[in-house]
Amino acid sequence: MEEHFKIDDCLGFIANRLVRVFQKAFDKKLADHNLTSAQFCVLAKLFEEQGLTQTELANRLYIESPTLVRTLDRLEAAGIIERRRSPKDRRAYHIFLTKKGMGYRELIDKVGFEVHREATKGLTKKQAQGLKSALFKIWSNLEDIAEEG
């Protein structure tokens, strides 16, 4: 007898649920600091690469520009980031952490490592690395399909 597709066995469904619980975990740990998981991602990326344009930042975070703009608006209003007009393209803005924003380095590290430790509890470092590699392979496989059309 032929086996039927079960949504609970679908890696995409599991990954979607995983993203949601990751966001909730980050949101819970960041609530006392008036930050969201989306803002956490922006700050973490800016600590890696200051001065990205809004488009570059959206691409690096794999999100749509309008979604990013709302997050940047909130961070700018809080004095955490600043937008600087590009000298080469008047339509583009580069994003920089302010002095206040630079003060979030320790928090980003602390919360990032805490959530990672909690998420990988019960896995060896080798298992966690293997999982990460497998997830990247799945991502790559599906990007190939998406780009074919």
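Side-chain atoms are counted along with the backbone in the values below, which use heavy atoms only and exclude waters and symmetry mates.
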Is [Y] reachable from [X] through a run of I, L, V, M, F, W or Y residues, each pair having side-chain heavy atoms under 4.5 Å apart?
X	Y	answer
Leu18	Val115	yes
Trp139	Leu131	no
Met102	Leu52	yes

Hey, is the main chain of [Y] close enough, under 3.5 Å, to the side chain of [X] for a donor-acceptor pair?
X	Y	result
Glu114	Val111	no
Arg85	Arg90	yes
Ser133	Gln129	yes
Thr71	Ala38	no
Lys100	Ala78	yes
Thr120	His116	yes

| message | Pair Lys110, Glu106 - check salt bridge (Lys or Arg N to Asp or Glu O under 4.0 Å), show working. | response | CA-CA 6 Å; Lys110 178 179 177 273; Glu106 191 175 313; over 6 Å; no
| For Val42, the option from Ile80, Ile95, Leu57 that meets side-chain contact (heavy atoms from CB on, under 4.5 Å) |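 Of all the options given, the one that passes is Leu57.
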| After noting the C-alpha distance and the side-chain angles of Glu118 and Lys29, does the key distance pass the salt bridge (Lys or Arg N to Asp or Glu O under 4.0 Å) rule? | CA-CA 12 Å; Glu118 290 171 15; Lys29 290 191 175 290; 3.2 Å; yes
4.5 Å side-chain heavy-atom contact, [X] and [Y]:
X	Y	answer
Asp8	Phe13	yes
Arg83	His94	no
Tyr93	Ser86	no
Tyr104	Leu97	no

| Salt bridge flag under 4.0 Å for residues Arg70 and Glu64 |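 No, this pair does not count.
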| Could Lys45 and Glu48 be called an ion pair, given the rule that one side-chain N must be under 4.0 Å from one carboxylate O? |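 Here Lys45 pairs with Glu48 in a salt bridge, since their nearest N and O are under 4.0 Å apart.
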| query | Between the side chains of Asp27 and Thr36, does any donor sit under 3.5 Å from an acceptor? | reply |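 Note: Asp27 and Thr36 side chains miss the donor-acceptor criterion.
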Nearest 0.5 Å, please: how far is [atom2] in [Y] from [atom1] in [X]?
X	Y	atom1	atom2	answer
Phe22	Ser37	CZ	OG	11.5 Å
Ile81	Glu76	CD1	CD	5.0 Å
Arg60	Leu68	CZ	CG	12.5 Å
Ser65	Leu72	OG	CG	9.5 Å
Thr53	Asn59	OG1	CG	7.5 Å
Lys137	Leu142	NZ	CG	10.5 Å

| Hey, what's the ring geometry for Phe26 with Phe40, parallel, tilted or perpendicular (30° and 60° as the breaks)? |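 The rings of Phe26 and Phe40 sit tilted, inter-plane angle from 30° to 60°.
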| task | For Asn34 and Gln39, work out which heavy atoms get closest and say how close. | result |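 What the structure gives for the nearest pair is O-OE1, 3.8 Å.
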| field | Phe96 six-ring face occupied by Arg84 cation (under 6.0 Å, within 45°) | value |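 Yes.
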